Amino acid sequence: MGTSSSGTIAAVLGEPLPVELMNTIRGGRGDVRDALDSDESVHEWLKVMADRILAESGAHTISFSLEDARVVAADLRALRDALRSLAAEITADPRPATSGVNHIQAVATINALADARAELVWPVDGAPIRAATVHGSQARLAVGLIARQAIDFFGGPPRHQLRACLAPHCVLYFVKEHPRREWCTPKCGNRARVKRHYDRQTAGSS
């Protein structure tokens, strides 16, 4: 998990990178918190996700400076809000909206930021790999890569597996890869079961 300058912890659930980015908005008791609320928190999140970004970009090494994070911070938050807007739409999410971005704006934002392109890297003495490239820093590569993956995610079958976690106070999303999975984490499952038990007890005593 990563922590922002305001102490908000970003969930890291092993979901696809676009979903990991969606989950930088966290719920609480009566409030919603942003784990990308400053340049420093964006820098921390990029560092937490560095190994994933490295593996999925095909780069040899990766590092993010605070200045790199500062340059892409607004774009990363805009991409996150676009992803959450579309996620809410396709999951028929009944929870209060956390993004003021409409459908057309969300699609345009993702397309505009998806500037990473695939490139074949094939050393004479090695195996070929598919690498992502972009003009600019590796932080810019991270934004472009996540936006490109979002196009594949929303434009393909994986979108049908996306779910909103409806446990109390949760605002996260997850990919339902197992038919019995109902919650983003076991903790949310426990919280939902406790609430159901409380509701039954309350209804029985009224």
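Keep in mind that this is a model prediction, so the values were computed, not measured.
Closest of all the heavy-atom pairs between Leu162 and Ala87 is CD2-CB, 3.6 Å. Contact record, Phe154 with Met22: CZ-CE, 3.8 Å, taken as the closest heavy-atom pair. Residues Ala132 and Leu145 share a closest heavy-atom pair of CB-CD1, 4.0 Å. Looking at every heavy atom in both residues, Leu83 comes nearest to Ala150 through CD2-CB, 3.5 Å. The two residues Glu20 and Val12 come nearest to each other via the heavy atoms OE1-CA, 3.4 Å. Contact detail for Cys188 and Trp183: the closest heavy-atom pair is CB-CB, 4.0 Å.
In summary, Glu40 and Lys47 do not engage in a salt bridge, as defined by a charged side-chain N under 4.0 Å from a carboxylate O. A salt bridge links Arg140 to Asp75: one of the charged nitrogens lies within less than 4.0 Å of a carboxylate oxygen. Using a 4.0 Å cut-off between charged side-chain N and carboxylate O, Arg117 and Glu119 make a salt bridge. Between Arg148 and Asp115, none of the side-chain N atoms (NZ, or NE/NH1/NH2) sits under 4.0 Å from a carboxylate O, so this pair counts as no salt bridge.
Formation of a donor-acceptor pair under 3.5 Å by the Thr24 side chain with backbone atoms of Ala35 is not found in this model. For the pair Asp81 (side chain) and Val101 (backbone), a donor-acceptor distance under 3.5 Å is absent. Between the Lys176 side chain and the Pro179 main chain, a donor and an acceptor come within less than 3.5 Å of each other.
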Solution key, residues 54-64 side-chain donor-acceptor pairs under 3.5 Å, sequence neighbours excluded:
from	atom 1	to	atom 2	distance (Å)
Glu56	OE1	Gln149	NE2	2.7
Glu56	OE2	Arg52	NE	2.9
Glu56	OE2	Arg52	NH2	3.2
Ser57	OG	Ile53	O	2.9
Ser57	OG	Leu54	O	3.2
Ser57	OG	Ala59	N	3.2

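Residue Leu17 is grouped with residue Val19 when hydrophobic side chains (ILVMFWY) are merged at heavy-atom distances under 4.5 angstrom, including chains of intermediate members. No continuous path of ILVMFWY side-chain contacts below 4.5 Å connects Val134 to Val143, so the two sit in separate hydrophobic clusters. Under the 4.5 Å side-chain heavy-atom criterion for ILVMFWY residues, a single connected hydrophobic cluster contains both Ile90 and Val175. The hydrophobic clustering, which links ILVMFWY residues whose side-chain heavy atoms are closer than 4.5 Å, places Ile151 and Ile146 together. In the hydrophobic clustering of this structure, Leu36 groups with Ile110; members are Ile, Leu, Val, Met, Phe, Trp, Tyr whose side-chain heavy atoms approach within less than 4.5 Å, directly or through other members.
Rounding to the nearest 0.5 angstrom, the gap separating the CG atom in Leu66 from the CZ atom in Arg70 is 4.5 Å. Taking CG of Leu13 as the start and CG of Leu172 as the end, the distance is 6.0 Å to the nearest 0.5 Å. Here CZ of Phe174 is found 6.0 Å from SG of Cys165. Values are rounded to the nearest 0.5 Å. Rounded to the nearest 0.5 angstrom, Leu76 CG and Leu46 CG are separated by 6.0 Å. Residue Asp68 holds its CG atom at 11.0 Å from CG of Leu141, rounded to the nearest 0.5 Å. In this structure, Asn23 CG and Cys184 SG are separated by 7.0 Å, a value rounded to the nearest 0.5 Å.
Neither side chain, Arg84 nor Ser99, offers a donor N or O lying under 3.5 Å from an acceptor on the other.
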Begin with the C-alpha distance, continue with both residues' side-chain angles, and end with the deciding distance and a verdict on salt bridge (Lys or Arg N to Asp or Glu O under 4.0 Å) for Glu15 and Arg181.
-> CA-CA 14 Å; Glu15 301 288 350; Arg181 186 179 181 188; 3.1 Å; yes

Given side chain to side chain donor-acceptor pair (under 3.5 Å), test Arg163 with Thr91 step by step and report yes or no.
-> CA-CA 6 Å; Arg163 299 288 187 274; Thr91 61; over 6 Å; no

Verdict with supporting geometry, Asp34 and Arg80, salt bridge (Lys or Arg N to Asp or Glu O under 4.0 Å) = CA-CA 11 Å; Asp34 184 355; Arg80 187 265 315 278; 3.1 Å; yes

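Every salt bridge (charged side-chain N to carboxylate O under 4.0 Å, His left out) that Arg95 has, sequence neighbours left out, goes to Asp93.
In Ile104, the CD1 atom is not crowded: 12 or fewer heavy atoms of neighbouring residues, nucleotides or ligands sit closer than 6.0 Å.
Side chains of Asn190 and Lys187 form no contact here, defined as non-hydrogen atoms less than 4.5 Å apart.
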